[in-house]
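Presented below is the structure to which this report refers.
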Amino acid sequence: MNTHKPTSTTATRASLESDSAATVPAKGAVRTSPTPSLLVGALAAVMVLVSKVCSPASAAPELPVKKELTLQVANQLADAAQAEAEKRNATVVITVVDDGGYPIVLRRLDNTQVASVQVGIDKARTAAIYRRPSKDFEEQVKNGRVSALALAGGVPLQGGLPIKVDGVVIGAISASGNTPQEDEDIAAAGLAAIEAPRIERYFPASSVDTAFSKGEPILETNSFKVHASRRDTPGLAEAHLYETDVIRVLKGSSTFIVGGSIIDPRETAFGEIRGKGIIGGTSYTLKPGDVMVVPPHTPHWFKDVTAPFLYYTVKPISK
């Protein structure tokens with residue numbers, strides 16, 4: 001068994017003195033304290049570590065704030081696209097995807113071919129991950145760049161459009177099932193719901209008076225409408241499938257029927273039913289200052305009026 005012989009005190013002192021002597025500067029230099037070299041190295045390492053910890057560069061990096069496409073907004077875009085498709089009597093698949101190309105909303109309208117489901121997803125994914133309309137790649141193929149047919153995760157088919165907020169792509173919307181241009185037009189109608197400017201609107205009295213003289217809309221958006229309404233004669237019975245009518249009478253009077261059943265109903269426009277009159281319902285006499293609220297799907301009819309009958313109509317839209 002090996003044994004370790006302890007070092008004598010005299011030998012230890014001699015060793016320390018030898019190490020200290022190695023740190024003594026040459027003649028004429030500034031004199032330093034005889035600190036052992038190992039301790040100097042340890043102190044230096046500690047100082048470097050402290051300086052790094054305290055340095056501003058070592059602070060946690062700030063991550064950017066990322067805007068995301070929510071289900072609520074995706075549904076609003078799909079609503080606007082669906083409204084446009086139904087106006088055109090178009091049978092299409094409408095798809096809204098996130099910025100990675102994964103579906104958030106997918107709607108296959110009645111009688112749309114099943115094959116358009118996957119094509120619609122592919123178009124939207126292409127627009128999202130390549131940050132440009134899918135038509136760009138279709139044009140490349142038409143111009144001879146056949147390599148665009150091998151896009152990773154994309155298809156060169158018109159109809160997909162990126163959704164941008166403040167210049168940043170947060171997703172995409174597509175339509176598939178009709179002609180390439182009509183598909184893109186329907187997708188563009190959906191895109192307009194998020195690209196519409198969110199600013200206040202001012203209408204001077206002169207323009208409002210002009211609108212009332214003709215009975216015209218003052219403002220129409222995808223979420224609400226404001227009409228300067230005018231009636232000089234009774235109108236047709238009507239019902240709005242997606243609009244609430246909030247009526248505020250300004251001038252004149254009218255016998256107004258709400259509820260009941262429309263006589264000979266027919267669809268005259270998207271979400272609009274008209275007929276000759278109403279059977280049943282409740283009769284109201286509307287006069288200046290009155291407010292009437294008519295919910296969606298509710299028949300109503302200006303049965304008679306004293307001209308000119310002027311009233312504001314505000315129409316919140318819901319789907």
Side-chain angles (χ1 to χ4, degrees), residues 75-76 78-91 107 109-110 186 189-190 192-193 196 201 203 207-319:
N75 273 318
Q76 290 174 350
D79 286 344
Q82 181 176 341
E84 182 65 21
E86 291 177 342
K87 285 180 182 178
R88 298 167 176 256
N89 293 317
T91 52
R107 297 184 186 176
L109 304 190
D110 292 344
I186 291 170
R201 298 295 301 272
F203 301 93
S207 67
V208 175
D209 290 343
T210 299
F212 271 116
S213 69
K214 301 176 182 179
E216 293 181 336
I218 296 176
L219 176 65
E220 292 190 337
T221 73
N222 289 317
S223 56
F224 70 92
K225 301 175 182 178
V226 180
H227 290 181
S229 302
R230 178 190 181 105
R231 289 188 178 275
D232 295 311
T233 60
L236 294 173
E238 57 189 281
H240 312 300
L241 303 186
Y242 305 113
E243 299 173 356
T244 297
D245 278 359
V246 182
I247 298 169
R248 170 69 156 80
V249 181
L250 299 180
K251 186 176 182 180
S253 63
S254 171
T255 300
F256 190 63
I257 310 298
V258 182
S261 301
I262 295 179
I263 302 171
D264 296 332
R266 66 186 187 280
E267 186 173 8
T268 57
F270 172 68
E272 300 289 335
I273 308 296
R274 297 286 189 276
K276 297 178 181 179
I278 287 179
I279 298 175
T282 303
S283 179
Y284 297 88
T285 300
L286 300 185
K287 57 187 183 302
D290 288 347
V291 173
M292 171 65 69
V293 179
V294 183
H297 297 272
T298 304
H300 52 284
W301 180 28
F302 291 94
K303 185 176 181 179
D304 58 58
V305 298
T306 57
F309 182 60
L310 307 181
Y311 56 102
Y312 276 112
T313 309
V314 178
K315 297 173 172 283
I317 301 172
S318 60
K319 294 183 184 179

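Counting from 1, the numbers follow the sequence of the chain as shown. Everything quoted here is computed from the prediction, not taken from an experiment.
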After noting the C-alpha distance and the side-chain angles of Phe224 and Ile317, does the key distance pass the side chain to side chain contact (heavy atoms under 4.5 Å, CB included) rule? CA-CA 5 Å; Phe224 70 92; Ile317 301 172; 5.5 Å; no
Rounded to the nearest 0.5 Å, what's the gap from CG on Asn89 to CG on Leu109? Could you check? 11.0 Å
Ile279 versus Ile263: any side-chain heavy-atom pair under 4.5 Å? yes
Can any side-chain N or O of Trp301 pair as donor or acceptor with the backbone N or O of Gly235 at less than 3.5 Å? yes
With side chain to side chain contact (heavy atoms under 4.5 Å, CB included) as the test, would you mind laying out the steps for Tyr284 and Val258 before giving the verdict? CA-CA 8 Å; Tyr284 297 88; Val258 182; 4.1 Å; yes
Decide whether His240 and Glu272 meet the rule of one side-chain donor and one side-chain acceptor closer than 3.5 Å. yes
Are Val293 and Thr244 packed together at the side-chain level, in the sense that at least one heavy-atom pair is separated by less than 4.5 angstrom? yes
Return the minimal non-hydrogen interatomic distance between Pro288 and Lys251, and the atom names on each side. CG-CA, 4.1 Å
Please round to the nearest 0.5 Å and tell me the distance separating atom CZ of Phe309 and atom CG of Leu250. 9.0 Å
Within the distance-only criterion (no hydrogens, no angle test), does the side chain of His227 pair as donor or acceptor with the backbone N or O of Lys225 below 3.5 angstrom? no
If you measure from OG1 on Thr268 to CD on Glu238, what distance do you get to the nearest 0.5 Å? 8.5 Å
Check for me whether the distance between the ring centres of Tyr311 and Phe302 falls short of 6.0 Å. yes
Of all heavy-atom pairs linking Gly260 and Pro299, the shortest is O-CG, 3.5 Å
Shortest non-hydrogen pair, Gln76 vs Ala193, comes out as O-CB, 4.3 Å
Derivation and outcome, side chain to side chain contact (heavy atoms under 4.5 Å, CB included), residues Leu241 and His297: CA-CA 5 Å; Leu241 303 186; His297 297 272; 3.5 Å; yes
Please assess Arg230 against Asp232 for the test side chain to side chain contact (heavy atoms under 4.5 Å, CB included), listing each intermediate value before the final yes or no. CA-CA 7 Å; Arg230 178 190 181 105; Asp232 295 311; 3.1 Å; yes
May I have all residue pairs that pass salt bridge (charged side-chain N to carboxylate O under 4.0 Å, His left out) and include part of residues 286-305, sequence neighbours excluded? Lys287-Asp290
Looking at every non-hydrogen atom in both residues, tell me the closest pair between Thr313 and Ser229 and how far apart they are. OG1-OG, 3.0 Å
For Gly277 and Ala237 the tightest heavy-atom approach is O-CB, 3.4 Å
Does Ile257 offer a backbone N or O that forms a donor-acceptor pair with the side chain of Ser283 under 3.5 Å? no
Answer whether the closest heavy-atom distance between the side chains of Asn75 and Arg107 falls below 4.5 Å. yes
To the nearest 0.5 Å, how far apart are CZ in Phe203 and OG1 in Thr210? 13.0 Å
Quick check for you: to the nearest 0.5 Å, what is the distance between Met292 atom CE and Ile247 atom CD1? 7.0 Å
Roughly how far, to the nearest 0.5 Å, is CG of Asp264 from CG of Leu236? 11.0 Å
Do you know which two heavy atoms are closest between Pro265 and Ile273, and how far apart they sit? CB-CG2, 3.7 Å
With a 4.5 Å limit on heavy-atom distance, are the side chains of Tyr312 and Val249 in contact? no
